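From a predicted model like this one, the values you see are computed outputs, not experimental measurements. Just so you know, these numbers use all the heavy atoms, side chains as well, and skip hydrogens, waters and symmetry mates.
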Amino acid sequence: GGQIIGLSEVKNSSVAKGESLKDTVQTVACYTDLIVMRHPMEGAPQLATEILDVPLINAGDGGHQHPLYPPALHARARRCDSLREGRLDNLNIALVGDLKYGRTVHSLVEAITKYDNNTFFFVSPKELEMPEYVKNGIKGGCFFESRSLEEVLPQVDIVYMTRIQKERFDDLE
């Protein structure tokens with residue numbers, strides 16, 4: 001029975017006239033029971049929660065998390081009894097590619113660490129390694145880093161591939 005108040009086009013809102021984030025979320029909160037926010041500014045949802053009386057769901061903010069992204073996990077079924085049984089524990093998971101800027105992988109690691117006995121294999125070039133804050137948040141700290149997918153492939157149940165985000169690099173053409 002819920003309804004949506006959408007602000008997908010900033011040019012159609014008072015933000016285009018200079019209204020602050022604080023004023024916008026306070027106004028929207030007057031009409032809602034819940035706010036789901038996706039914002040280009042890093043930290044905007046956190047800032048909004050500090051001034052709101054209604055719950056807020058972070059749907060992504062700048063280069064930070066991307067918590068509502070439904071990751072497409074590709075399981076190697078012959079070795080993945082946990083997934084066949086609907087469990088997300090006791091898995092060996094390879095995350096491959098742009099781990100530095102990939103918000104989806106940051107959110108995926110955070111979500112999967114809620115389950116027991118998972119091991120992460122981070123495969124990337126040195127310049128695109130998983131950030132320290134993500135590695136520090138891994139329950140039990142069970143992860144390995146590699147430059148070679150071929151090296152870790154025999155050990156993993158799941159491979160999650162990301163693309164290199166060329167738009168993050170000014171000097172790439």
Side-chain angles (χ1 to χ4, degrees), residues 1-75 80 82-83 85-89 91 93-116 118 120 122 124 128-140 143 157-170:
Q3 296 181 2
I4 296 172
I5 299 172
L7 295 175
S8 61
E9 292 290 330
V10 174
K11 65 183 179 189
N12 297 330
S13 73
S14 292
V15 172
K17 299 178 216 171
E19 182 176 81
S20 70
L21 174 66
K22 177 182 177 183
D23 291 341
T24 301
V25 296
Q26 285 177 325
T27 300
V28 172
C30 291
Y31 299 100
T32 64
D33 297 313
L34 168 74
I35 294 176
V36 178
M37 177 189 283
R38 182 168 183 162
H39 198 281
M41 183 178 81
E42 293 176 357
Q46 178 62 41
L47 177 67
T49 62
E50 294 170 6
I51 57 175
L52 288 173
D53 292 327
V54 299
L56 182 136
I57 296 174
N58 178 1
D61 60 324
H64 283 167
Q65 299 292 321
H66 198 326
L68 295 183
Y69 180 80
L73 299 179
H74 300 283
C80 202
S82 291
L83 283 180
E85 296 168 9
R87 296 190 340 259
L88 292 174
D89 53 7
L91 296 171
I93 304 166
L95 300 165
V96 183
D98 186 348
L99 307 182
K100 181 176 182 178
Y101 298 107
R103 296 179 303 155
T104 59
V105 294
H106 302 170
S107 297
L108 178 59
V109 169
E110 184 176 330
I112 295 294
T113 58
K114 307 276 190 244
Y115 299 89
D116 295 324
N118 290 311
F120 295 95
F122 300 138
S124 70
L128 298 175
E129 285 181 349
M130 186 66 78
E132 288 299 317
Y133 84 90
V134 175
K135 294 187 280 190
N136 292 340
I138 297 173
K139 184 171 62 175
F143 67 88
D157 303 306
I158 296 170
V159 176
Y160 183 88
M161 301 286 293
T162 67
R163 67 179 177 85
I164 302 300
Q165 298 185 30
K166 293 179 182 176
E167 64 271 20
R168 301 256 186 217
F169 301 96
D170 293 333

side-chain contact (heavy atoms from CB on, under 4.5 Å) evaluation trace for Met130 with Phe143: CA-CA 11 Å; Met130 186 66 78; Phe143 67 88; over 6 Å; no
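- Two residues are said to be in side-chain contact when any heavy atoms from C-beta on lie closer than 4.5 Å; His106 and Pro131 meet this criterion.
- Rounding to the nearest 0.5 angstrom, the gap separating the CG atom in Leu21 from the CD1 atom in Ile51 is 6.0 Å.
- Annotation: the span from Asp98 atom CG to Thr162 atom OG1 amounts to 5.5 Å, rounded to 0.5 Å.
- To the nearest 0.5 Å, atoms CD1 (Ile57) and CZ (Arg38) are separated by 14.0 Å.
- Atoms CE and CG, from Met37 and Leu56 in turn, are 5.5 Å apart once rounded to the nearest 0.5 Å.
- Across all their heavy atoms, Ile158 and Leu91 have their closest contact at CD1-CD1, 3.8 Å.
- Between the side chain of Thr113 and the backbone N or O of Glu110, at least one donor-acceptor pair lies under 3.5 Å.
- Atoms CZ and CG, from Arg103 and Leu108 in turn, are 14.0 Å apart once rounded to the nearest 0.5 Å.
- When the shell of 6.0 Å around CG of Asp33 is examined, it contains 12 or fewer heavy atoms from other residues, nucleotides or ligands.
- In terms of heavy-atom proximity, Ser124 sits nearest to Gly97 at CB-O, 3.1 Å.
- For the atom pair CD1 (Ile112) and CD1 (Ile93), the distance works out to 4.5 Å, reported to the nearest 0.5 Å.
- Heavy atoms only, all atoms of each residue included: Val25 and Ile35 are closest at O-CD1, 3.9 Å.
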